[in-house]
2 protein chains.
Amino acid sequence: MGERRFSRQRERIYQAVRASRAHPTAQMVYEELREQMPRLSLGTVYRNLHLLAEEGALVELGGPVARFDAQLRPHPHLRCIRCGCVADAEMAYDGSLDVQAARDGWQVESHSLIFNGICPACGKESEHLKGDSITWN
Amino acid sequence: MGERRFSRQRERIYQAVRASRAHPTAQMVYEELREQMPRLSLGTVYRNLHLLAEEGALVELGGPVARFDAQLRPHPHLRCIRCGCVADAEMAYDGSLDVQAARDGWQVESHSLIFNGICPACGKESEHLKGDSITWN
DNA sequence: TCCTTAATAGTAATGATTATCTTTATTGTT
DNA sequence: AACAATAAAGATAATCATTACTATTAAGGA
């Protein structure tokens with residue numbers, strides 16, 4: 001449990017998420033940075049994404065594969081049930097919901113609101129193809 | 001692509017989810033049924049849970065490990081950030097949100113609203129222990 | 001420059017889920 | 001009831017995301 005030190009890898013990882021609008025996965029960050037840092041390891045990406053999330057510099061989004069967001073204000077997201085891409089919803093985060101949801105002995109801290117749908121790209125290229133729907137409630 | 005046949009395994013799997021209030025995972029269903037059906041295979045549980053979800057008899061909930069619900073009316077859920085358990089929120093599903101969320105070329109079909117918090121059991125046993133927070137937005 | 005040790009790279013291990021493949025069982029038909 | 005066609009099961013291997021482990025590298029203070 002020592003003091004945190006600077007590392008160029010962590011810095012680049014943070015900047016990569018910041019610069020992206022794709023809510024990238026660890027794999028996506030890894031592949032992008034690898035071009036410039038061929039020796040980068042995937043484990044390093046995972047470790048640092050979690051460190052950054054832990055210290056509040058990033059937010060981790062759920063789902064079957066984790067995604068990361070440098071936009072710290074909580075907000076709803078849109079997820080494509082075809083390609084899995086994630087976008088920000090233009091909608092405010094309603095913290096009052098957390099109060100309403102509390103019941104029994106639950107202590108509600110936050111909520112995640114994810115809209116499932118078809119993204120512009122997928123909606124265009126496939127008015128015929130019927131891929132597997134990956135929707136969650 | 002043949003016609004669907006009856007199978008006692010599928011029937012029991014469906015009943016197991018129906019009878020549970022835990023929004024069980026595939027593993028949970030498997031372990032429970034195994035007592036009565038020692039030869040049951042985990043792959044069979046996964047295959048049938050997905051078949052049942054596909055034909056609309058069950059709903060699949062997201063998260064790092066998939067959970068299943070026989071309550072078909074969409075509704076928000078509570079998830080414990082300590083133990084991972086899932087419960088129903090006593091709150092109506094607001095379909096009007098889906099209309100509001102639509103933007104650009106997105107076709108929104110549904111949404112999932114999950115409250116993150118501490119369940120009664122975890123809140124009781126640990127006002128001292130500080131486990132890893134697993135919260136998603 | 002030297003030391004301490006946090007952080008990395010590389011790789012093995014884990015856990016959930018999916019795929020493959022042989023055997024079993026459902027169901028329509030004799 | 002026996003038969004044939006094939007959906008589904010059981011067993012196991014493979015895949016994918018993520019985590020753990022270990023020897024080496026590199027912050028950063030003395």
Side-chain angles (χ1 to χ4, degrees), chain A residues 1-14 16-17 23-31 33-55 57-58 60-68 79 83-86 131-136, chain B residues 1-14 16-17 23-31 33-55 57-58 60-68 79 83-86 131-136:
Chain A
M1 27 141 83
E3 66 297 346
R4 180 138 310 167
R5 289 183 189 172
F6 169 86
S7 100
R8 40 184 96 266
Q9 286 88 336
R10 184 181 309 129
E11 193 56 30
R12 301 289 291 273
I13 289 166
Y14 173 65
V17 177
H23 305 77
T25 63
Q27 187 71 42
M28 288 164 74
V29 171
Y30 174 60
E31 281 168 11
L33 291 182
R34 209 140 89 113
E35 299 168 15
Q36 307 300 322
M37 313 173 84
R39 314 211 38 190
L40 182 65
S41 161
L42 181 56
T44 297
V45 175
Y46 273 103
R47 181 166 13 84
N48 281 301
L49 285 172
H50 288 144
L51 280 176
L52 290 163
E54 207 170 273
E55 68 189 41
L58 295 180
E60 181 171 357
L61 315 192
V65 1
R67 288 176 168 266
F68 295 84
R79 173 158 42 200
C83 70
C85 74
V86 173
D132 314 296
S133 278
I134 327 173
T135 311
W136 299 285
Chain B
M1 28 124 92
E3 67 297 346
R4 182 138 309 167
R5 289 183 190 173
F6 169 85
S7 100
R8 38 184 98 265
Q9 287 87 338
R10 185 182 308 129
E11 193 55 31
R12 300 289 292 275
I13 288 165
Y14 173 64
V17 177
H23 304 77
T25 63
Q27 187 72 42
M28 288 164 75
V29 171
Y30 174 61
E31 282 169 11
L33 292 181
R34 209 141 87 115
E35 299 168 17
Q36 307 301 321
M37 312 173 83
R39 312 210 39 187
L40 182 65
S41 162
L42 182 56
T44 298
V45 176
Y46 272 104
R47 179 163 14 83
N48 281 301
L49 286 172
H50 288 143
L51 279 175
L52 290 163
E54 206 170 274
E55 68 189 41
L58 295 180
E60 181 171 356
L61 314 193
V65 1
R67 287 175 169 267
F68 295 85
R79 172 156 43 199
C83 70
C85 73
V86 173
D132 313 297
S133 278
I134 327 172
T135 310
W136 298 285

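All values below were derived from every heavy atom in this structure, side-chain atoms included, with hydrogens, water molecules and symmetry-related copies excluded. Each chain gets a letter, A, B and so on, in the order the sequences are listed, and its residues count up from 1.
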**Q** Under the salt bridge (Lys or Arg N to Asp or Glu O under 4.0 Å) test, which residues partner A:Glu35, sequence neighbours left out?
**A** none
**Q** B:Gln27 CD to C:dT14 P: how many Å, rounded?
**A** 16 Å
**Q** Is the distance from OP1 or OP2 of C:dT17 to the nearest side-chain N or O of B:His50 less than 4.0 Å?
**A** no
**Q** Can you measure A:Tyr30 atom OH to D:dT18 atom C1' for me and round it to whole angstrom units?
**A** 14 Å
**Q** To the nearest Å, give me how far apart CZ (B:Phe68) and P (C:dT17) are.
**A** 7 Å
**Q** Give, ordered by number, those residues of residues 35-43 of chain A having at least one heavy-atom distance below 4.0 Å to an atom of DNA chain C; if nothing qualifies, reply none.
**A** A:Arg39, A:Leu40, A:Ser41
**Q** Quick one: list whatever passes side-chain hydrogen bond (donor to acceptor under 3.5 Å, both in side chains) with A:Thr44, sequence neighbours left out.
**A** A:Arg47
**Q** Round to the nearest Å and state the distance from A:Glu54 atom CD to C:dA6 atom P.
**A** 15 Å
**Q** Between D:dA17 atom P and A:Arg67 atom CZ, what is the distance in whole Å?
**A** 11 Å
**Q** Under the rule for side-chain hydrogen bond (donor to acceptor under 3.5 Å, both in side chains), what residues qualify as partners of B:Glu11, not counting sequence neighbours?
**A** B:Gln15
**Q** Apply side chain to side chain contact (heavy atoms under 4.5 Å, CB included) to A:Thr25 and list each qualifying residue two or more places apart in sequence or on a separate chain.
**A** A:Gln27, A:Met28, A:Val65, A:Arg67
**Q** Who pairs with A:Ala53 by side chain to side chain contact (heavy atoms under 4.5 Å, CB included), at least two apart in sequence or on another chain?
**A** none
**Q** For A:Arg5, what residues pass the side-chain hydrogen bond (donor to acceptor under 3.5 Å, both in side chains) criterion, not counting sequence neighbours?
**A** none
**Q** Please tell me if A:Tyr46 has a side-chain N or O lying less than 4.0 Å from either OP1 or OP2 of D:dT18.
**A** yes
**Q** Any non-hydrogen side-chain atom of A:His50 less than 4.5 Å from a side-chain atom of A:Phe68?
**A** yes
**Q** Taking salt bridge (Lys or Arg N to Asp or Glu O under 4.0 Å) as the definition, give me every residue that meets it alongside A:Arg39, ordered by chain and number, with sequence neighbours left out.
**A** none
**Q** Do any N or O atoms of the protein come closer than 3.5 Å to N or O atoms of nucleotides 28-30 of chain C, and which pairs are they?
**A**
none

**Q** Of all residues at least two apart in sequence or in a different chain, which pass the side chain to side chain contact (heavy atoms under 4.5 Å, CB included) check with A:Arg8?
**A** A:Phe6
**Q** I need the CD-C1' distance between A:Glu3 and C:dA6, as an integer number of Å.
**A** 7 Å
**Q** Quick one: A:Asn48 CG to D:dT18 P, roughly how many Å, whole number?
**A** 15 Å
**Q** What I want to check is whether the side chains of B:Tyr14 and B:Arg10 have a donor and an acceptor closer together than 3.5 Å.
**A** no
**Q** If the condition is side-chain hydrogen bond (donor to acceptor under 3.5 Å, both in side chains), which residues does B:Gln36 pass it with, not counting sequence neighbours?
**A** none
**Q** Can you build the contact string for nucleotides 22-30 of chain D? Use B for base contact, S for sugar-phosphate-only contact, and - for no protein heavy atom under 4.0 Å.
**A** -----BS--
**Q** Without decimals, in angstroms, what is the distance between B:Arg12 CZ and D:dG10 C1'?
**A** 17 Å
